[in-house]
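Beneath this line is the structure, given in structure tokens, with notes to follow.
Just so you know, these numbers use all the heavy atoms, side chains as well, and skip hydrogens, waters and symmetry mates. Just so you know, residue 1 is the first one in the sequence shown, and it goes up from there. Note that the structure is a prediction, hence the values are computed from the model and not measured. We count ligands from 1, going down the list as the structure has it; atoms in each ligand are counted the same way.
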Amino acid sequence: MRFDVFTLFPEVFEPYLGASILQRASQRRLAEVHLHNIRDWATDRHHVTDDEPYGGGGGMVMKPEPVFAAVEDVLGSPPACPLVLLTPQGRVFTQRVAQELSQVPRLGLLCGRYEGVDERVRQHLVSDEISIGDYVLTGGELPALLLIDAVTRLLPGVLGDPDGAWDDSHASGLLEYPHYTRPVEFRGWRVPEVLLSGDHARLARWRRQQALLRTWQRRPDLLSSAGLTPQDLDYLAKLDADDQLKI
Ligand code: SAH
């Protein structure tokens, strides 16, 4: 998969993309990230990319000309692939959106700064708008990195374990079960016995029940859209019944 990122601050991407799993994904050509500095498409002497808002008010607005020129130069006119504007006004990014985006071979990402981009960019250039949550950052670079990270780890071959992404929280609609590693006892706290038992059926049942328990405790809102089996429903009914007894 290829990402084309349009930003005024390409340098903030490099350290993060150059470490760990994302670095390995790029070395193995599973995910390529191409960074484009919008400033390179500003034609005036000072390479100005922002200007004051019409109508007054504080802050600066990213000018349309360099953004259109950069995107059309790299992606064609109209853009040959989806172009996502990162904005707190977009649809909210979730694991489901990450899965959806991991299906396309190429994706453009446009990072705003200051008050954001001129409205005509939103109306006539981008094909999608994504927010990473209900808060406001200084720029779209962290949101773009976050999206690249979440999408890349879903691409075939990126995680060492091919099933690694399957059990993850939010992949199946549930939060994931807890993890333990060596030592078997740390400060007197032991690893649950079932993890050492070698009994695969019991282990699978424990993990499923732990995932259900965590989701029931922390994010009951997720349960209604999770794919639940009759056994899952029995277990949840038991949790509800025990809970009723406590009151
Ligand atoms: N004035 C804008 C916010 C500008 S924040 C408004 O109120 O809608 C500056 C830039 O940071 C935005 O253009 C966007 O690219 C990025 N940004 C800030 N918060 C974001 C969020 N929650 N999700 C995605 N991008 C965000």
Problem - Arg207 side-chain N/O to Tyr177 backbone N/O, donor-acceptor pair under 3.5 Å - result: no
Problem - Side-chain donor-acceptor contact under 3.5 Å, Glu141 with Thr7 - result: yes
Problem - 4.5 Å side-chain heavy-atom contact, Trp216 and Asp240 - result: yes
Practice task
Specify the protein heavy atom at minimum distance from atom 9 (C) of ligand 1: its residue, its atom name, and the distance to 0.1 Å.
Solution key: Tyr114 O, 3.2 Å
Completion exercise
Under 4.0 Å from one or more heavy atoms of Pro143, ligand 1 contributes atoms 24 (C), 25 (N), 26 (C)
Handout entry: Nearest candidate to atom 19 (N) of ligand 1, where distance is taken over non-hydrogen atoms, out of Leu137, Ile130, Val61
Key = Leu137
Fill in the blank from the handout: Any heavy atom of Asp134 under 4.0 Å from ligand 1? The part involved is neither
Problem - Any Arg113 side-chain heavy atom under 4.5 Å of Asp50 side chain - result: no
Practice task
Classify the angle between the aromatic ring planes of His34 and His36 as parallel (below 30°), tilted (30 to 60°) or perpendicular (above 60°).
Solution key: parallel
Handout entry: Check: Leu101 and Ile130 side chains under 4.5 Å, non-hydrogen atoms
Key = yes
Exercise for the section: Record the part of Thr87 in heavy-atom contact with ligand 1 below 4.0 Å; permitted values are side chain, backbone, both and neither. Expected result: backbone
Exercise for the section: Report, in ascending order of atom number, the atoms of ligand 1 lying under 4.0 Å from any heavy atom of Gln89. Expected result: 6 (C), 8 (O)
Practice task
Look at atom 22 (N) of ligand 1 and say which protein heavy atom is nearest, naming residue and atom and giving the distance to 0.1 Å.
Solution key: Tyr135 O, 2.8 Å
Handout entry: ligand 1 contact by Phe93, heavy-atom criterion under 4.0 angstrom
Key = no
Completion exercise
In terms of its nearest heavy atom to atom 20 (C) of ligand 1, the top option of Ser131, Gly139, Cys111, Pro88 is Pro88
Exercise for the section: Would you mind reporting whether Leu17 and Ser26 have side-chain heavy atoms less than 4.5 Å apart? Expected result: no
Problem - Protein residue, atom and distance nearest to atom 23 (N) of ligand 1, heavy-atom basis - result: Ile132 N, 3.1 Å
Exercise for the section: Give a yes/no verdict on whether any heavy atom in Thr138 is under 4.0 Å from an atom of ligand 1. Expected result: yes
Handout entry: Atoms in ligand 1 with a heavy atom of Leu86 nearer than 4.0 Å
Key = 14 (C), 15 (O), 24 (C), 25 (N)
Practice task
Would you confirm whether Ser172, through its side chain, and Asp167, through its main-chain N or O, come within 3.5 Å as a donor-acceptor pair?
Solution key: no
Problem - Heteroatom proximity flag, Gly133 to ligand 1, N/O under 3.5 Å - result: yes
Completion exercise
Of Arg122, Glu115, Glu141, Arg113, the one whose closest heavy atom lies nearest atom 2 (C) of ligand 1 is Glu115
Handout entry: side chain to side chain contact (heavy atoms under 4.5 Å, CB included) assessment of Ile21 paired with Thr152
Key = CA-CA 9 Å; Ile21 292 174; Thr152 299; 5.9 Å; no
Completion exercise
Here the atoms of ligand 1 under 4.0 Å from any heavy atom belonging to Gly116 are 13 (O)
Problem - Heavy-atom side-chain proximity of Leu239 to Leu236 below 4.5 angstrom - result: yes
Practice task
State the atoms of ligand 1, each with its element, that fall below the 4.0 Å cut-off from a heavy-atom position in Gly140.
Solution key: 11 (O), 15 (O), 16 (C)
